[in-house]
Amino acid sequence: MPNPPQGSTSPNRPSPSTLDAVDNQLDALINRIQSLSGAAGTSKAPNPQASSGQAASEHPSAPSAHQPGGAPVPSPTRPTREQSPPPRPNPAGSNPQSRGPAPNARPAAPAIPGYQPSRDEPWRPPEPTDIQKNRISETLLEAIMFRYLLNTGEAEGRRIAEQVQLPFRMIEPILDRFKKDQHVAYKSSTATNDYVYVLTESGRAIARNHLSDSTYYGSCPVRLNEYIESIKRQSIEGQFPKRKDLLSAFSDLLINPKMLERLGPAIASGRGMFLFGFPGNGKTSIAERVTGAFGKYIWIPRSVDIDGDILRVYDPMNHVAAMPEASSGLLDSGCFDKRWVRIERPTIIAGGELTMEMLEVLNNSTSNISEAPLQMKSNCGTLVIDDFGRQKMSVDQLLNRWIIPLEKRYDFLNMASGKKIQVPFDQLVIFSTNLEPKDLVDDAFLRRIPYKIEVENPPESDFRKLFEIMCRVTKIPYNADAVDYLIKTHYLPINRPFRNCQPRDLLLQVRNYCLYNDLEVELKNEYFDFACDNYFSVM
C-alpha cells in the first residue's frame with residue numbers, strides 16, 4: 001500500500017502524537033508496576049522485538065523511519081501499543097535461571113514494619129492482603145456487610161472497611177460487584193475518591209435474609225485454626241520466668257523470701273497450683289499478680305469463624321486492650337491484622353459467682369452469636385478460681401469438667417449448632433481457698449495440680465513492716481511506738497495470729513475515726529484501742 005501524503009495519517013493508524021502520548025503512559029505504568037514489585041532501580045529488559053531480530057520499522061503497524069513528514073519513531077527499547085510490555089525483572093536481581101526455594105519449604109512469615117518479636121510480644125498478626133490467599137470466607141464477609149448497611153442505612157466504602165476491620169482494597173471489589181448486581185447504589189461521592197453506599201430494594205431483601213441467620217455485623221471473624229496457631233505462638237508454657245521476673249511482678253507486695261522460692265517454680269511451670277491458707281493473708285493478691293511474671297501482651301481475635309458460627313473471644317469486661325500506637329496522617333501504616341486486638345496478658349478471676357454455664361459456650365438465641373467461655377478468654381494468661389469450694393455448683397462438677405483439660409491442655413466445646421470443637425486450654429489455673437485441698441478434692445484431681453502452696457501467717461517482723469508500707473499508702477504518719485503498743489496489748493497476750501490484711505484494715509479504721517471526730521490523722525494508742533474493739537469484736 002502506498003504511503004499517505006505528507007501531513008496526513010492513515011484512517012486505520014493512530015497519529016504520531018497519539019502514539020507518543022500512549023508511549024509515555026505505558027512507560028509511566030511499567031515503572032509504577034516495577035516499583036511496586038520491588039524492581040525499582042533495575043534496568044529495563046531488552047525490547048522483545050529487537051531480541052528476536054525484527055526491526056521496529058518492519059513491524060506491520062509501526063511508523064516507518066523513512067515515512068514522509070519525518071514522523072518520530074518510538075525508541076527501540078520502548079514498547080508501543082502493539083508491542084508487549086517488557087518482562088518483569090527478578091525482584092531480587094538474581095539470575096532468572098537460578099533455582100528457587102524448595103517446593104516443601106515453609107514460607108517465611110511476612111515482615112511487619114516497626115515490629116520485632118520479643119518476650120513481651122512474641123507474635124503479631126500480619127495484615128491480610130487477599131481474600132482467597134488469607135482464606136477469608138467471602139460469603140460470611142458479604143453477609144456482615146449487608147447487615148451493617150441495613151443497620152446504618154448508608155456508609156462510605158472506607159467506613160465499611162473499618163467496620164469489618166479489613167483493608168479497603170480487599171472489600172472494594174465486593175462493593176463494585178454489589179453495585180453491578182444492583183444490590184447497592186451510590187448516594188454521593190466523597191473527597192477521597194470514595195462513595196456513600198445505600199442498599200437497593202433487592203439489597204435490603206438480601207440483608208433481611210442474612211439478618212434472620214444472625215445479627216452479627218462486627219469485624220470479619222478469623223478462622224479457628226488461625227486462633228489455635230496464635231495460642232501456640234504466645235503460650236505461657238516455655239517462657240519460664242526467672243526470679244527477677246517474679247520480683248518485678250510482686251514489687252508492690254511484701255513477699256516472704258521463703259514464699260517466693262515456692263511460688264517461683266510453680267509459676268514457671270505454667271500449669272496449675274493450689275493457694276490455701278487462712279483468710280486475709282493475700283492469696284488473691286498473689287494470684288492477681290502472677291501474670292506479670294510473663295510477657296506483657298498477646299493478640300486475640302475479636303471473633304472466630306467456626307464453619308459459619310460466630311464465637312466472640314475479645315471481652316472488654318475481662319480484657320485490657322493495649323493496641324500499638326497508631327501513626328499520624330491520613331493513611332494508617334499499622335501493618336497488622338485489625339481483626340485482632342492486642343491485650344495485656346489476661347488475669348480472669350471467678351469467685352463464688354462461678355457457674356457451670358460460664359465454662360461452656362454461651363449462645364444468644366435471638367442474635368445467634370456465641371460467647372467464649374472463661375477458660376478460653378484466659379488462654380495465655382491466668383485463671384483464678386477464688387474462694388474455691390464456695391461456688392454455686394458442687395466441687396465435683398467443676399473437677400469433672402476440667403480433669404481432662406488440666407492434663408491434656410486442650411478442651412472440647414459444644415457449639416449451639418451441634419458442632420464440637422477442640423480449643424487450647426493454655427493458662428495457669430490457680431485455685432485459691434481457705435480450706436484444706438485434701439478436704440475438697442480427691443487424689444486423682446490433686447495429681448493434676450502439681451503445686452500446693454500454703455500462704456502462711458506473716459512473722460512479727462513482716463507484720464511491723466506492713467504497717468510502715470501501709471502508712472505510706474494511706475498517708476498516715478508512721479509511729480513505731482503506737483504499733484509496738486498494738487502488738488503487745490492486742491496480739492501477744494492472747495496469742496492472736498497476725499494476718500497480712502490487718503495493718504491495712506486497722507489503719508483505715510483509725511483514719512475514719514479521726515476524720516469523723518475532726519481530729520488530726522495520726523497513730524495513737526487510744527485510736528488503736530477503738531479500732532481493735534470494732535475489728536475483733538466477733539473474731
- [ ] Please say whether the positively charged group of Arg342, taken as NZ for Lys or CZ for Arg, lies over the ring of Tyr297, i.e. under 6.0 angstrom from the six-membered ring centre and within 45 degrees of the axis.
- [x] yes

- [ ] Taking salt bridge (charged side-chain N to carboxylate O under 4.0 Å, His left out) as the test, write out the residues that go with Arg271, two or more places apart.
- [x] Glu237

Task: Contact check, side chains of Lys408 and Gln422, non-hydrogen atoms, under 4.5 Å - done: no

- [ ] List the steps and the verdict of salt bridge (charged side-chain N to carboxylate O under 4.0 Å, His left out) for Glu121 and Lys296.
- [x] CA-CA 7 Å; Glu121 189 181 351; Lys296 291 182 180 179; over 6 Å; no

Open item on the list: Within the 3.5 Å criterion, strictly below it, is a donor on Ser137 or Asp305 matched to an acceptor on the partner's side chain?
Closed with: no

Open item on the list: Under a 3.5 Å cutoff, is there a donor and acceptor pairing between the side chains of Thr291 and Thr347?
Closed with: yes

Open item on the list: Is it the case that the side chain of Asn434 and the backbone of Phe278 share a donor-acceptor pair, with hydrogens and angles ignored and the cut-off at 3.5 Å?
Closed with: no

Please table the atom pairs, donor to acceptor, closer than 3.5 Å between any side-chain atom in residues 239-256 and protein atoms at least two apart or in another chain.
unit_1: Gln239; atom_1: OE1; unit_2: Gly295; atom_2: N; d: 3.0
unit_1: Arg243; atom_1: NH1; unit_2: Glu261; atom_2: OE2; d: 2.3
unit_1: Asp245; atom_1: OD2; unit_2: Lys242; atom_2: N; d: 2.8
unit_1: Ser251; atom_1: OG; unit_2: Ser248; atom_2: O; d: 3.1
unit_1: Asp252; atom_1: OD1; unit_2: Arg289; atom_2: NE; d: 3.0
unit_1: Asp252; atom_1: OD2; unit_2: Arg289; atom_2: NE; d: 3.2
unit_1: Asp252; atom_1: OD2; unit_2: Arg289; atom_2: NH2; d: 3.0
unit_1: Asn256; atom_1: OD1; unit_2: Lys258; atom_2: N; d: 2.9
unit_1: Asn256; atom_1: ND2; unit_2: Asp462; atom_2: OD2; d: 3.4

- [ ] Enumerate the residue pairs fulfilling salt bridge (charged side-chain N to carboxylate O under 4.0 Å, His left out) with a member in residues 143-157, sequence neighbours excluded, ordered by first and then second residue.
- [x] Glu154-Lys187

- [ ] Output all residues satisfying side-chain hydrogen bond (donor to acceptor under 3.5 Å, both in side chains) with Asp439, sequence neighbours left out; order by chain, then residue number.
- [x] none

Task: Val423 side chain near Ile421 side chain, heavy-atom distance below 4.5 Å - done: yes

TODO: Check the pair Thr433, Leu275 against side-chain contact (heavy atoms from CB on, under 4.5 Å), reporting the backbone distance first and the verdict last.
DONE: CA-CA 6 Å; Thr433 180; Leu275 290 179; over 6 Å; no

TODO: Can you run down the ring pair (Phe, Tyr, Trp, His ring centres under 6.0 Å) pairs that involve residues 342-384, sequence neighbours left out, and say none if there aren't any?
DONE: none

Open item on the list: Strictly below 4.0 Å, N to O, side chains only: are Asp194 and Arg158 in salt-bridge contact?
Closed with: yes

Task: Under-4.0 Å salt bridge between Lys419 and Asp307 - done: no

- [ ] Verify, without hydrogens or angle tests, whether Thr489 (side chain) and Leu486 (backbone) share a donor-acceptor contact under 3.5 angstrom.
- [x] no

Open item on the list: If we check ring-ring contact (aromatic ring centres under 6.0 Å, His included) with Trp123, which of these qualifies: Trp299, Trp340, Phe336?
Closed with: Trp340

Open item on the list: Once salt bridge (charged side-chain N to carboxylate O under 4.0 Å, His left out) is applied, what residue pairs with a partner in residues 512-527 remain, sequence neighbours excluded?
Closed with: Glu522-Lys524

- [ ] Keeping the roles fixed (side chain from Asn364, backbone from Thr366), state whether a donor-acceptor pair exists under 3.5 Å.
- [x] yes

Open item on the list: Any donor-acceptor pair under 3.5 Å linking the side-chain atoms of Asn457 with those of Asn281?
Closed with: yes

Task: Any donor-acceptor N or O pair under 3.5 Å, side chains Tyr227, Asn379 - done: yes

TODO: Could you name each residue pair satisfying salt bridge (charged side-chain N to carboxylate O under 4.0 Å, His left out) that touches residues 369-391, not counting sequence neighbours?
DONE: Asp315-Lys377, Glu371-Lys377

Open item on the list: Does this structure show an ion pair linking Arg464 with Glu460, if we count only N-O contacts that are shorter than 4.0 Å?
Closed with: yes

Task: Within 45° cone and under 6.0 Å: Arg472 NZ/CZ vs Tyr478 ring - done: no

Task: Asp529: partners by side-chain hydrogen bond (donor to acceptor under 3.5 Å, both in side chains), with sequence neighbours left out - done: Tyr485, His490

- [ ] Please list, chain by chain and in numerical order, all residues satisfying side-chain hydrogen bond (donor to acceptor under 3.5 Å, both in side chains) with Thr355, sequence neighbours excluded.
- [x] Glu357

Task: Residues which pass side-chain hydrogen bond (donor to acceptor under 3.5 Å, both in side chains) with Tyr217, listed by chain and number, not counting sequence neighbours - done: Asn151

Task: Under the salt bridge (charged side-chain N to carboxylate O under 4.0 Å, His left out) test, residues paired with Arg302 that sit two or more places apart - done: none

TODO: Could you tell me which residues satisfy salt bridge (charged side-chain N to carboxylate O under 4.0 Å, His left out) with Arg339, sequence neighbours excluded, listed by chain and number?
DONE: Asp337

Open item on the list: Tell me if a side-chain donor or acceptor on Glu162 pairs with a main-chain N or O of Ile160 at a distance below 3.5 Å.
Closed with: no

Open item on the list: Run Asp484 and Lys488 through salt bridge (charged side-chain N to carboxylate O under 4.0 Å, His left out) and show every step you take.
Closed with: CA-CA 6 Å; Asp484 188 64; Lys488 291 181 177 179; 3.2 Å; yes

